[in-house]
Amino acid sequence: MPDLLANLNAEQLAAVTLPDEPALILAGAGSGKTRVLTTRIAWLIQNGHVSPAGILAVTFTNKAAKEMQTRLSSMLPINTRGMWIGTFHGLCNRMLRAHFRDAGLPQTFAILDSQDQLSALKRLLKSLNVDDEKYPAKNLQYFINNAKEQGLRPADVEANDDFNKRFVDLYAAYDMQCQREGVVDFAELLLRCYELLRYNDAIRQHYQHRFRHVLVDEFQDTNVLQYQWLKLLAGHGTQNPAAVFAVGDDDQSIYAFRGANVGNMRDFEHEFRVRRMIKLEQNYRSHGHILDSANHLISHNARRLGKNLRTDAGHGEPVRVFQGGSDGQEAAWIIEEIRDQIAQGASRAEIAILYRSNAQSRVIEHALFSAGIPYRVYGGLRFFERAEIKHALAYMQLLENPRNDAAFGRVVNFPARGIGARSLEVLQDMARQYDCALAEAVAYVPGAAGSKLAAFTRLIDQMRADTRRMTLAETVEYVINHSGLITHYQGEKEGQDRIENLQELVTAAQAFVVEEGYGLEALAAVIPAERGPATPVLADGDQSQQLLDPEALPVVMTPLVAFLTHASLEAGDNQAQAGQDAVQMMTVHAAKGLEFDVVFISGLEEGLFPHENSMMDPDGLEEERRLMYVAITRARKRLYMSFAQSRMLHGQTRYHVRSRFFEELPEASLKWLTPPAQSYGGVRRQERDNAWGRDWFRKPEDVPYTGTRPTGGMDNGNGYADAKREAGTGFRVGQSVFHNKFGEGVITALEGEGADARANINFKRHGAKWLALAVAKLDAID
């Protein structure tokens with residue numbers, strides 16, 4: 001037999017060889033918890049404490065379950081395929097298959113995934129003639145799944161108003177429909193299995209007698225019902241409960257929005273009368289400065305079981321911190337650092353860029369795209385490939401070309417307008433019969449279907465008319481609001497991320513105008529009175545007679561057409577192929593469980609990270625800090641952190657203060673690549689804390705000019721203007737200027753160099769505006 005205990009450290013050895021009793025293992029990031037779990041199982045079997053059939057091991061992913069089985073097979077000469085190792089849902093499915101009659105299910109019951117469940121709910125609403133706008137199927141799906149995860153059947157749910165009472169009635173009708181059809185959804189798997197154990201004494205006692213050792217991975221991510229299921233299975237409250245070996249890290253509990261209850265760890269310790277809590281604090285992943293940063297940060301959380309990570313790998317390199325003048329500068333710096341790492345031999349696949357929310361990825365994606373660096377968005381889609389963005393772009397494509405059948409088909413019934421598949425079939429038949437586009441064929445569709453389709457075409461026509469004289473950013477903002485997309489996603493459980501992405505599309509349009517040289521004067525002149533072929537216009541708005549020769553005309557597009565073209569090219573190019581060495585991009589949530597040699601944590605600003613939704617909630621702020629702890633501990637060798645003084649949000653430049661998390665990191669572990677200034681405008685910590693909860697996304701026009709405005713570049717905390725930038729542009733912060741359209745103003749910020757230089761000018765009559773200096777004609781006022 002192999003020496004299973006070889007090369008275990010003292011903490012791991014103590015955990016693996018614990019007596020047969022309930023135990024809680026606090027496993028820090030990179031401490032080898034998977035090794036401890038599998039070695040514990042192998043040690044129990046090897047030493048005769050239990051047979052393979054007497055072990056039940058719960059993981060949170062199928063990948064983790066397979067990895068555990070593979071490791072066990074290499075440790076012991078046993079067949080692990082028959083062992084009860086799997087996810088909560090997988091194990092519950094196995095138990096229900098074995099006892100389908102007692103569970104009230106057909107032997108061949110089918111499982112509905114999330115999309116199948118949504119389709120079933122839509123069928124239910126239609127069969128009951130329920131208004132799906134008042135009671136959206138996705139809202140009902142969230143209501144039902146949330147109730148099931150709390151262990152509640154329709155009769156157990158409290159309905160405090162008529163609206164919720166209707167949801168409860170629909171929940172009951174859905175239960176009946178599923179029972180009639182012999183199907184179960186994911187939430188039902190666990191709830192049905194819990195009820196099987198709770199109400200059937202013989203089955204419950206059978207499994208309590210069989211599974212004498214229950215091992216649970218990622219215990220901090222269990223929800224209320226999962227913990228109750230474990231208690232039943234382990235025989236909690238009986239004279240001879242099973243030995244539950246719970247492994248988790250309360251400092252990495254980041255899924256409260258999915259129902260995870262970090263309090264389960266404390267409840268387990270108390271309810272199972274745990275005598276032994278072992279802390280795995282030896283880290284085998286990261287260098288010392290990275291771990292010191294993680295330890296100092298998480299120590300500010302009050303409600304934790306407590307541990308302190310350490311390493312024998314030495315201090316390593318300090319954590320590098322960069323302060324950019326804008327989100328564009330932050331992205332440019334990240335690109336330069338990535339290039340430098342690649343030049344030093346680093347693999348692109350070992351470089352990860354983390355961000356708090358999906359909407360933040362667009363600026364960095366664009367910088368990677370422009371630099372020709374392959375990248376992959378892990379656990380999600382690239383910005384212009386996301387469904388909500390493609391919906392918005394489809395609406396805009398119809399503004400320019402109503403004959404675009406692909407765009408028409410994508411959004412004619414999104415958001416839902418009661419235009420079903422049969423109506424679309426009739427429309428397509430008419431289009432073929434009359435050899436015309438779908439939009440033109442609407443006139444030939446009779447009855448109610450024709451009326452609904454006509455209402456959609458009128459909507460597009462009205463949007464086209466309303467946006468005719470708008471700027472690009474105004475057009476995008478108008479479309480995402482008047483198309484109904486924002487309203488639609490407001491009704492979804494996780495719709496806030498999609499709304500943020502749509503709002504970021506406004507920012508993308510604004511940035512595109514600046515980057516591609518569409519100055520405000522040119523932008524106003526290029527937009528034709530009627531949408532159609534654009535007229536070539538010079539930057540100052542004067543048409544050039546010598547350019548009217550068609551052979552000499554350059555290809556000029558309206559800003560909207562150019563932006564749509566840009567979106568298509570960026571979505572389709574630079575896509576990393578499977579197996580290709582590519583930079584990894586992901587949210588911090590998606591990074592859980594992963595590790596990389598080089599990690600960038602971007603957007604560390606108040607309101608972004610920590611997120612504004614956590615501002616007034618102590619529990620929410622502690623979860624944000626745990627999320628930051630997870631981000632830090634993803635790095636093996638080198639860790640970068642960055643933030644920006646100003647960021648384009650929703651088409652406007654807004655000023656931020658740096659994240660409070662910087663004040664919770666050890667200065668000895670940090671290396672500031674830019675002067676460690678205080679926050680924007682000299683905001684100190686006490687001022688920030690006093691104002692916590694106010695609008696930190698401040699518009700330029702909301703901030704009075706004081707003569708100490710940051711330049712948009714690297715600032716030393718006193719707001720000095722970058723002398724090099726002033727020399728290159730011929731302008732300085734605080735200088736009075738005159739613009740033909742906007743009149744007199746004062747330059748409050750400068751950023752960029754050469755053709756990319758731009759200025760924020762506070763005009764007396766028109767407020768603050770960013771102008772590209774290469775396009776805008778400014779006259780200095782002495």
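E612 has no carboxylate O lying under 4.0 Å from a charged side-chain N of R356, or vice versa, which leaves the two without a salt bridge. Look at E605 and R658 and you find no salt bridge, because none of the NZ, NE, NH1 or NH2 atoms lies under 4.0 Å from a carboxylate O. Salt bridge status for E188 with K148: present, with a side-chain N to carboxylate O gap under 4.0 Å. The pair R303-D619 counts as a salt bridge, with a side-chain nitrogen and a carboxylate oxygen less than 4.0 angstrom apart. The pair D250-R266 does not meet the salt-bridge criterion, since no charged nitrogen lies less than 4.0 angstrom from a carboxylate oxygen. Taking a cutoff of 4.0 Å between a charged side-chain nitrogen and a carboxylate oxygen, E622 and R304 do not qualify as a salt bridge.
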* Asked: Step by step, would you call F662 with F643 a ring-ring contact (aromatic ring centres under 6.0 Å, His included)?
  -> CA-CA 10 Å; F662 282 111; F643 63 100; 5.2 Å; yes
* Just do the ring-ring contact (aromatic ring centres under 6.0 Å, His included) check on H300 and F661 with the steps written out, would you? => CA-CA 10 Å; H300 288 79; F661 293 152; 9.2 Å; no
### Message
Between L665 and I632, does the side chain to side chain contact (heavy atoms under 4.5 Å, CB included) criterion hold? Intermediate values first, please.
### Response
CA-CA 11 Å; L665 300 175; I632 292 173; 4.2 Å; yes
Note to self: Evaluate D249 against K307 for side chain to side chain contact (heavy atoms under 4.5 Å, CB included), listing each step before the verdict.
What the structure shows: CA-CA 9 Å; D249 184 1; K307 65 183 179 311; 2.4 Å; yes
Exercise for review: Start with the C-alpha gap between L121 and I144, add the side-chain angles, then the distance that decides, and say whether side chain to side chain contact (heavy atoms under 4.5 Å, CB included) holds.
Suggested key: CA-CA 10 Å; L121 289 170; I144 291 173; 3.8 Å; yes
Quiz item: For V58 and F88, what are the C-alpha separation, side-chain angles and deciding distance, and is it a side chain to side chain contact (heavy atoms under 4.5 Å, CB included)?
Solution: CA-CA 6 Å; V58 189; F88 279 100; 3.5 Å; yes
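In terms of modelled atom types and a separation under 3.5 Å, the side chain of R376 and the main chain of A582 share no donor-acceptor contact. Using modelled atom types, no side-chain atom of H287 and backbone atom of H289 make a donor-acceptor pair closer than 3.5 Å. A side-chain donor-acceptor contact under 3.5 Å links S286 to the backbone of A635. The backbone N or O of H611 sits less than 3.5 Å from a side-chain atom of E624, completing a donor-acceptor pair. Between the E606 side chain and the R660 main chain, a donor and an acceptor come within less than 3.5 Å of each other. A donor-acceptor pair under 3.5 Å is absent between the side-chain atoms of Q645 and the main chain of H656, judged by distance alone. No donor-acceptor distance shorter than 3.5 angstrom exists from the side chain of T87 to the backbone of T61, with no hydrogens or angles considered. Listed for the E477 side chain is no donor-acceptor partner under 3.5 Å among the backbone atoms of E474. Using modelled atom types, no side-chain atom of N308 and backbone atom of E281 make a donor-acceptor pair closer than 3.5 Å. A donor-acceptor contact shorter than 3.5 Å is absent between the side chain of S602 and the backbone of A331.
Considering every non-hydrogen atom in both L280 and L309, the closest pair reads O-CD2, 4.3 Å. Residues A392 and V479 come closest through the heavy atom pair O-CG1, 4.1 Å.
Residues Y629 and Q252 have side chains that never bring a donor and an acceptor to within less than 3.5 angstrom of each other. With hydrogens and angles left out, the side-chain atoms of R386 and S361 include a donor and acceptor closer than 3.5 Å. Defined by atom type and a distance below 3.5 Å, a donor-acceptor pair is present between the side-chain atoms of Q141 and Q117. Checked by atom type, the side-chain pair E365/Y375 shows a donor-acceptor distance below 3.5 Å. N295 and D292 are not linked by any side-chain donor-acceptor pair at a separation below 3.5 angstrom, with hydrogens and angles left out of the test. Side-chain polar atoms of N283 and S31 form no donor-acceptor pair below 3.5 angstrom. Under the 3.5 Å distance criterion, with hydrogens and angles disregarded, a donor-acceptor pair is assigned to the side chains of N501 and E388.
Aromatic pair F609/Y355: centroids not less than 6.0 angstrom apart.
Sorted by first then second residue, the salt bridge (Lys or Arg N to Asp or Glu O under 4.0 Å) pairs that include residues 318-336, not counting sequence neighbours, are E317-R320, E330-R647, E336-R339.
Every side chain to side chain donor-acceptor pair (under 3.5 Å) that R636 has, sequence neighbours left out, goes to E350, E595, D597.
Between F369 and H366, the ring-plane angle classifies as parallel under the 30° and 60° cut-offs. Using a 30° and 60° split on the angle between ring planes, Y255 and H589 fall in the tilted class, from 30° to 60°. F143 and Y171 have perpendicular rings, their planes meeting at more than 60° on a 0 to 90° scale where under 30° would count as parallel. The aromatic rings of F322 and W333 lie parallel to each other, their planes meeting at an angle below 30°, with 60° marking the opposite boundary. The aromatic rings of F167 and Y135 sit tilted relative to each other, their planes meeting at an angle between 30° and 60°. Note on ring orientation: taking the six-membered ring where Trp is involved, the planes of H89 and F186 are perpendicular (angle over 60°, cut-offs 30° and 60°).
Contact of the F219 side chain with the L230 side chain is registered, since non-hydrogen atoms from C-beta on lie closer than 4.5 Å.
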